Amino acid sequence: MKRLATSLAFFLVLALVIGYVVSGPAFMDWGVAGGLFAVAVAGEGFRFWLRRSRAKKRQSSGI
């Protein structure tokens with residue numbers, strides 16, 4: 001869980017920086033920043049789902 005929080009915090013900061021750089025100093029481009037962070041959350045969710053599905057396949061059912 002700590003890895004997930006660290007990863008999402010990193011991607012949140014990265015998305016905010018990119019949103020600021022794209023928009024310039026006038027205002028924050030929240031659409032770009034939110035979209036990038038949504039992609040990061042979806043990617044982390046997909047990675048979590050893959051890890052769970054692989055773990056279920058390795059379980060022994062012959063006990």
Side-chain angles (χ1 to χ4, degrees):
M1 196 59 128
K2 185 177 178 181
R3 184 185 188 284
L4 176 67
T6 304
S7 176
L8 288 179
F10 171 76
F11 282 118
L12 176 64
V13 170
L14 185 65
L16 289 174
V17 168
I18 291 173
Y20 180 74
V21 168
V22 168
S23 67
F27 63 94
M28 179 69 150
D29 193 352
W30 292 105
V32 171
L36 287 173
F37 187 65
V39 169
V41 169
E44 288 294 322
F46 181 68
R47 188 180 60 81
F48 179 74
W49 176 76
L50 276 178
R51 184 179 294 169
R52 277 187 60 134
S53 66
R54 288 180 184 170
K56 283 183 181 180
K57 286 181 182 179
R58 280 189 258 152
Q59 287 179 348
S60 174
S61 61
I63 294 177

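What you see below is based on every heavy atom in this structure, not just the backbone, and it leaves out hydrogens, waters and symmetry mates. The model shown is predicted, which means the values in this text are computed figures rather than measured ones.
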Legend entry - Test side chain to side chain contact (heavy atoms under 4.5 Å, CB included) applied to V17 - qualifying residues, sequence neighbours left out: V13, V21
Inset, instruction - Following the transitive rule for hydrophobic clusters with a side-chain heavy-atom cut-off under 4.5 Å over Ile, Leu, Val, Met, Phe, Trp and Tyr, establish whether F10 and V32 coincide in one cluster. - result: yes
Legend entry - Hydrophobic cluster identity match, L16 and L36, side-chain contacts under 4.5 Å: no
Inset, instruction - Go through the structure and list residues passing ring-ring contact (aromatic ring centres under 6.0 Å, His included) with F27, not counting sequence neighbours. - result: none
Inset, instruction - Please say which of T6, L12, L4 ends up in a side-chain contact (heavy atoms from CB on, under 4.5 Å) with L8. - result: L4
Legend entry - side-chain hydrogen bond (donor to acceptor under 3.5 Å, both in side chains) pairs, two or more places apart, involving residues 7-33: S7-E44
Legend entry - Taking every non-hydrogen atom, the tightest pair across G19 and A33: CA-CB, 4.3 Å
Inset, instruction - Check F37 against A15 and note the closest heavy-atom contact, atom names and distance. - result: N-CB, 4.0 Å
